[in-house]
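Scroll down for the structure; my scribbles are underneath it.
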Amino acid sequence: MDFPLSTDIHERPVAVIGAGTLGRRIALMFATRGGLVRVYDPDERAGLDACAYVRAELPKVVGRIDGGAAGRVAGTVDLAEAVAGAWLVVEAVPERLALKQRVFADLDQHAAPDAILASNSSSYPTARFADRVAQPQRLVNMHFYMPPEQAAVDLMSSGGTDRGVMELLLRELPRFGLFPFEARRESTGFVFNRIWASIKREALAVVAEGVSTPEDVDGMWRINTGLSGGPFRMMDKVGLDVVLDIENHYAAQRPGLPKGPRELLQRYVDAGRLGVKTGAGFYDDYETTA
């Protein structure tokens with residue numbers, strides 16, 4: 001049976017579940033067409049900080065989007081309030097399967113019957129959540145990187161996603177300054193993240209083995225690629241706890257992966273050095289973010 005796609009999405013809000021580093025950036029992008037974005041987080045402070053971030057960044061992002069218009073953002077600690085009337089709900093909670101499964105079971109109860117339910121998971125296919133949703137036709141992977149600077153988006157079917165859902169997202173996401181790419185079969189890590197995972201893992205390995213340092217790896221990366229940053233700066237930006245969760249998931253699927261990269265990450269996480277959000281990770285020169 002086909003999923004009943006909404007025809008009035010431009011008059012309806014978008015809901016983002018999770019106000020962390022990526023959740024607030026997702027909310028920022030969906031606030032660029034003049035509509036309402038609601039951000040849910042059980043931590044009220046996190047929601048308020050996310051809304052402040054969106055309001056501060058929105059003017060300059062809107063200016064880069066053809067037809068962009070500053071929208072509104074509102075935070076809430078009430079899940080039902082967050083998803084009320086939303087045409088799209090994007091889950092952006094930590095990369096833990098049991099948590100995501102609980103979230104999708106709750107979303108299935110509270111979201112509108114025609115709402116698309118999307119997961120920002122960086123490694124779990126939504127097929128792992130399909131048994132928690134009465135209409136798996138509306139379930140889809142929608143993985144973001146680090147917008148607005150890195151605005152590519154992976155789209156991947158749950159295996160039962162209605163083709164109309166995929167076509168709608170491929171058509172509409174560019175209106176929000178996003179660039180969708182479809183993974184044409186189930187793939188842990190989708191497209192770019194699978195490639196990035198191998199780069200990231202090898203960078204961690206050469207440091208874990210004492211071959212080099214984060215600073216030198218990043219320095220060579222900048223010189224040889226002409227790009228700014230580097231793997232360790234990028235991991236600090238994402239959050240080393242998030243990177244570790246992702247690596248643990250890959251290792252559970254591929255038992256032969258080396259332990260050194262995960263052990264190195266675990267030492268930093270245990271020390272509370274999570275990257276930019278705590279003021280220190282592989283580098284010490286960050287101001288603690290809100």
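The first residue in the sequence is number 1, and the count goes up from there.
Looking at T126 and S121, their side chains never come closer than 4.5 Å, going by heavy atoms from C-beta outward. Within the 4.5 Å cutoff, the side chain of F176 has no heavy atoms near those of the V61 side chain. P148 has its side chain within reach of R25: a pair of non-hydrogen atoms, C-beta onward, lies under 4.5 Å apart. Contact annotation: the side chain of L22 never approaches that of Y145 to less than 4.5 Å [non-hydrogen atoms, C-beta and beyond]. Proximity of K200 to P231: side-chain heavy atoms (C-beta onward) are nowhere separated by under 4.5 Å.
Cluster annotation: V16 and V238 are assigned to the same hydrophobic cluster (Ile/Leu/Val/Met/Phe/Trp/Tyr, side-chain heavy-atom contacts under 4.5 Å, transitive). Hydrophobic clustering, with ILVMFWY side chains joined whenever heavy atoms are under 4.5 angstrom apart, groups M166 together with V153. In the hydrophobic clustering of ILVMFWY residues, with side-chain heavy atoms under 4.5 Å counting as a link, W87 and V39 come out together. Hydrophobic clustering keeps V89 apart from F144 (ILVMFWY residues linked when any side-chain heavy atoms are closer than 4.5 Å, directly or through intermediates). Using a 4.5 Å cut-off between side-chain heavy atoms of Ile, Leu, Val, Met, Phe, Trp and Tyr, with links allowed through other members, L265 and F232 fall into the same hydrophobic cluster.
Side-chain polar atoms of N141 and Y124 form no donor-acceptor pair below 3.5 angstrom. A donor-acceptor contact closer than 3.5 angstrom is absent between the side chains of Y268 and D241. S123 and E95 share a donor-acceptor pair across their side chains, judged by distance under 3.5 Å alone.
With respect to the salt-bridge test (charged N to carboxylate O, under 4.0 angstrom), the residues R102 and D106 do not qualify. E263 and R267 are not joined by a salt bridge, as no carboxylate oxygen comes within less than 4.0 angstrom of a charged side-chain nitrogen.
The backbone N or O of H10 sits nowhere less than 3.5 Å from a side-chain atom of R12 that would complete a donor-acceptor pair. Here the side chain of K100 pairs a donor or acceptor atom with the backbone of V93 at under 3.5 angstrom. Judged purely by atom type and a 3.5 angstrom limit, T213 uses its side chain to pair as donor or acceptor with the backbone of D216. Under the 3.5 Å distance criterion, the side-chain polar atoms of R222 are matched with a main-chain donor or acceptor of G229. Looking only at distances, a side-chain donor or acceptor of T161 sits under 3.5 Å from a matching main-chain atom of L139. The backbone N or O of G71 sits nowhere less than 3.5 Å from a side-chain atom of R33 that would complete a donor-acceptor pair. Between the side chain of D78 and the backbone N or O of E81, at least one donor-acceptor pair lies under 3.5 Å. A distance-only check finds no donor-acceptor pair linking the side chain of R132 to the backbone of R128 [under 3.5 Å]. No donor-acceptor distance shorter than 3.5 angstrom exists from the side chain of R138 to the backbone of L117, with no hydrogens or angles considered. D236 contributes a side-chain N or O that, together with a main-chain N or O of F282, makes up a donor-acceptor pair within less than 3.5 Å.
Within a 6.0 Å sphere centred on CG of D285, heavy atoms belonging to other residues, nucleotides or ligands number more than 12. Other residues, nucleotides and ligands place no more than 12 heavy atoms under 6.0 Å from the CZ atom of R96. Within 6.0 Å of CD in E215 there are more than 12 heavy atoms belonging to other residues, nucleotides or ligands. Atom CE of M220 is surrounded by 12 or fewer heavy atoms from other residues, nucleotides or ligands within 6.0 Å. Around the CZ atom of R184, the shell of radius 6.0 Å holds no more than 12 heavy atoms that belong to other residues, nucleotides or ligands.
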Apply side chain to side chain donor-acceptor pair (under 3.5 Å) to the pair R194 and S187, showing each step before the final yes or no.
CA-CA 8 Å; R194 278 185 62 173; S187 169; 3.2 Å; yes
For T188 and Q253: C-alpha separation, side-chain torsions, deciding distance, then whether side chain to side chain donor-acceptor pair (under 3.5 Å) applies.
CA-CA 9 Å; T188 300; Q253 290 205 326; 2.9 Å; yes
Audit row: R163, E167, salt bridge (charged side-chain N to carboxylate O under 4.0 Å, His left out) steps and yes/no
CA-CA 6 Å; R163 186 63 208 173; E167 296 294 344; 3.0 Å; yes
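Relative to the ring axis of Y250, R201 places its NZ or CZ within 45° and under 6.0 Å from the centre. For the pair R233 and Y283, the cation-pi criterion (under 6.0 Å, within 45° of the ring axis) is fulfilled.
Closest approach of A115 and A86 over heavy atoms only: CB-O, 3.3 Å. Between P94 and L99, the shortest heavy-atom distance links the atoms CD-CD2, 3.7 Å.
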